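One structure below.
Nothing here was measured: the structure is a model prediction, and the numbers come from that model. Just so we're on the same page: letters track the sequence lines, and every chain starts at 1.
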Amino acid sequence: MRIATWNINSVTTRLGRVLAWLETREPDVVCLQEIKTTTDAFPLMPMAALGYEAVVLGQGRWNGVAILSRVGLADVSLNLPDQPPYANEGETPIVEARAVGATVGATGSHPGVRLWSLYVPNGREPQHPHFTYKLAWLDQLAVLAASEWNAHQSAPYALLGDFNVAPTDSDVWDRARFEGSTHVTPEERARYQALIDTGLSDLIARPGKGDNPFTFWDYRGGAFHKDEGMRIDLVLANPAFAGAVTDIWVDREARKGSAQSEGGAPSDHAPIIVDLDI
DNA sequence: ATGCCAACCCGGGGTTGA
């Protein structure tokens with residue numbers, strides 16, 4: 001079974017690239033983040049033409065997550081249990097579209113694989129209310145992780161997506177540049193560690209360019225070509241999942257090109273592709 | 001400190017991203 005996770009930064013803008021990528025890489029399951037459209041506007045039809053069904057949780061301009069599967073999709077969960085809401089100043093707090101769960105690949109002889117597609121809040125700046133929200137969101141994710149751990153003792157289970165946390169200093173291209181920034185603070189890394197402490201392993205992809213398994217490169221300043229990236233998209237897996245992995249790699253090809261190139265701009269994130277002996 | 005780029009809204013400029 002081939003499972004991928006990819007922050008696509010708008011499914012509408014990226015549709016051509018995503019469809020071509022599905023045909024090339026032939027993943028069985030894809031966790032998508034930042035679809036940036038409503039649930040109703042998600043392009044189900046062209047995905048279905050390639051054999052995929054989908055669970056979609058959209059939210060208009062921002063956020064939005066989905067899981068595509070061509071090996072079945074069951075036991076769908078929308079949002080984290082008790083997911084904290086957020087509001088900018090003067091707005092009504094809402095539970096944002098940042099988490100969907102599902103069981104894929106279940107058959108008569110196999111319980112299937114339990115997956116979550118996650119888009120952790122950015123945090124903006126360490127002093128910003130959005131950062132407090134990010135930490136609360138990660139705390140609630142740890143609650144989910146603990147309950148999922150218990151519910152899937154022997155079956156493969158993993159949390160995948162854009163965690164917006166660089167677990168270690170080697171997960172950013174230049175630690176000095178991140179002084180005072182989000183993604184590298186002790187508070188965020190403590191929440192990452194809490195997820196690991198539920199029993200999950202951080203499945204690090206094979207190194208790419210520059211020996212770095214980065215998954216994100218800013219659009220600006222030629223960051224991708226200089227490999228000035230970050231490892232913030234993660235696959236956190238239980239032993240049954242981790243033990244079945246035969247390969248895991250970052251598909252840097254999907255990050256290539258520009259707004260001027262054929263097919264239009266890439267996402268600023270590259271997919272992680274995981275192959276499993278399941 | 002800011003721009004660097006790309007996406008969203010909507011129709012020029014603000015907001016978000018990480």
Side-chain angles (χ1 to χ4, degrees), chain A residues 5-18 32-43 57-66 86-91 94 96-98 118-135 137-138 161-189 191-192 212-234 250 254-272:
Chain A
T5 181
W6 193 7
N7 178 323
I8 52 172
N9 187 15
S10 169
V11 71
T12 308
T13 303
R14 218 69 61 210
L15 184 59
R17 273 181 176 263
V18 170
L32 298 174
Q33 301 88 37
E34 279 209 87
I35 62 171
K36 287 188 169 178
T37 188
T38 60
T39 302
D40 290 346
F42 188 89
L57 183 62
Q59 195 206 315
R61 303 177 61 166
W62 309 114
N63 313 318
V65 285
Y86 183 76
N88 286 309
E89 210 169 320
E91 295 176 357
I94 62 164
E96 297 179 316
R98 295 181 177 275
L118 303 165
Y119 178 48
V120 176
N122 170 293
R124 298 183 191 164
E125 300 154 18
Q127 296 76 26
H128 196 284
H130 204 261
F131 187 76
T132 309
Y133 165 57
K134 179 180 192 173
L135 299 182
W137 205 96
L138 286 165
D162 179 359
F163 284 72
N164 271 322
V165 177
T168 72
D169 285 353
S170 56
D171 293 317
V172 295
W173 60 279
D174 181 355
R175 178 62 181 84
R177 299 291 191 96
F178 288 84
E179 201 58 49
S181 298
T182 59
H183 294 62
V184 298
T185 66
E187 293 88 346
E188 290 161 287
R189 287 176 173 171
R191 269 67 179 189
Y192 161 83
N212 296 312
F214 294 152
T215 63
F216 165 87
W217 301 261
D218 200 291
Y219 284 121
R220 296 166 287 188
F224 179 65
H225 294 287
K226 293 184 277 188
D227 201 30
E228 296 178 349
M230 306 171 74
R231 188 177 78 91
I232 52 176
D233 299 272
L234 306 177
V250 178
R255 180 62 181 79
K256 295 182 179 179
S258 68
Q260 289 72 39
S261 64
E262 191 175 351
S267 170
D268 40 7
H269 296 251
I272 299 171

Under 4.0 Å, counting only non-hydrogen atoms across every strand here, what does A/Asn63 touch: a base, just sugar-phosphate, or nothing? nothing
Indicate, with a heavy-atom threshold strictly under 4.0 Å, whether A/Thr13 touches base, sugar-phosphate, or nothing. sugar-phosphate
I'd like the C1' distance from B/dC10 over to B/dT15, given in whole Å. 13 Å
Please work out if A/His128 contacts a base, only the sugar-phosphate, or nothing of the nucleic acid, heavy-atom cut-off 4.0 Å. nothing
Students should find this one: the first and last nucleotides of DNA chain B, 5' to 3', lying under 4.0 Å from a heavy atom of chain A. What are they? B/dC4 to B/dA18
Main-chain N/O of A/Val65 paired to A/Arg98 side chain as donor or acceptor, under 3.5 Å: no
Name the nucleic acid region contacted by A/Phe216, choosing base, sugar-phosphate or nothing; use a 4.0 angstrom heavy-atom cut-off, strictly under. sugar-phosphate
Could you tell me which residues satisfy side-chain contact (heavy atoms from CB on, under 4.5 Å) with A/Arg61, sequence neighbours excluded, listed by chain and number? none
Which is true for A/Asn164 with a 4.0 Å heavy-atom rule: it touches a base, it touches only sugar-phosphate, or it touches nothing? sugar-phosphate
Say we look at B/dA6 and B/dG11: how far apart would their P atoms be, to the nearest angstrom? 23 Å
Under the side-chain contact (heavy atoms from CB on, under 4.5 Å) rule, collect the residues that match up with A/Asn9, sequence neighbours excluded. A/Asn7, A/Arg14, A/Glu34, A/Lys36, A/Tyr219, A/Ser267, A/Asp268
With a non-hydrogen cut-off below 4.0 angstrom, is A/Tyr119 in contact with a base, only sugar-phosphate, or nothing? sugar-phosphate
Identify, with sequence neighbours excluded, every residue that meets ring-ring contact (aromatic ring centres under 6.0 Å, His included) alongside A/His130. A/Tyr86, A/Tyr133
A/Pro266 or A/Asn7: which one's nearest nucleotide on DNA chain B is closer to the 5' end? A/Pro266
Donor-acceptor pair, A/Arg189 side chain versus A/Pro167 backbone, under 3.5 Å? yes
Closest-nucleotide ordering on DNA chain B, the 5'-leading residue of A/Ser10 and A/Gly221: A/Gly221
State whether the side chain of A/Trp6 and the backbone N or O of A/His269 hold a donor-acceptor pair below 3.5 Å, judged by distance alone. yes
Have a look at A/Asp268 and say if it touches a base, only the backbone sugar-phosphate, or nothing, with a 4.0 Å heavy-atom cut-off. nothing
Donor-acceptor check, side chain of A/Lys134 to backbone of A/Asn164, threshold 3.5 angstrom: yes or no? yes
ring-ring contact (aromatic ring centres under 6.0 Å, His included) filter on A/Tyr119, not counting sequence neighbours, yields none
Rounding to an integer number of angstrom, what distance separates B/dT2 and B/dG12 when you compare their P atoms? 26 Å
Under a 3.5 Å distance rule, please check whether A/Thr38 uses its side chain to pair with a backbone N or O of A/Gln59 as donor and acceptor. no
How would you label the contact of A/Arg177 with the nucleic acid (heavy atoms, under 4.0 Å): base, sugar-phosphate, or nothing? nothing
Pairwise P distance for B/dG13 and B/dA1, with rounding to whole Å: 26 Å
For DNA chain B, which residues of residues 33-42 of chain A approach it to below 4.0 angstrom with any heavy atom? A/Glu34, A/Lys36
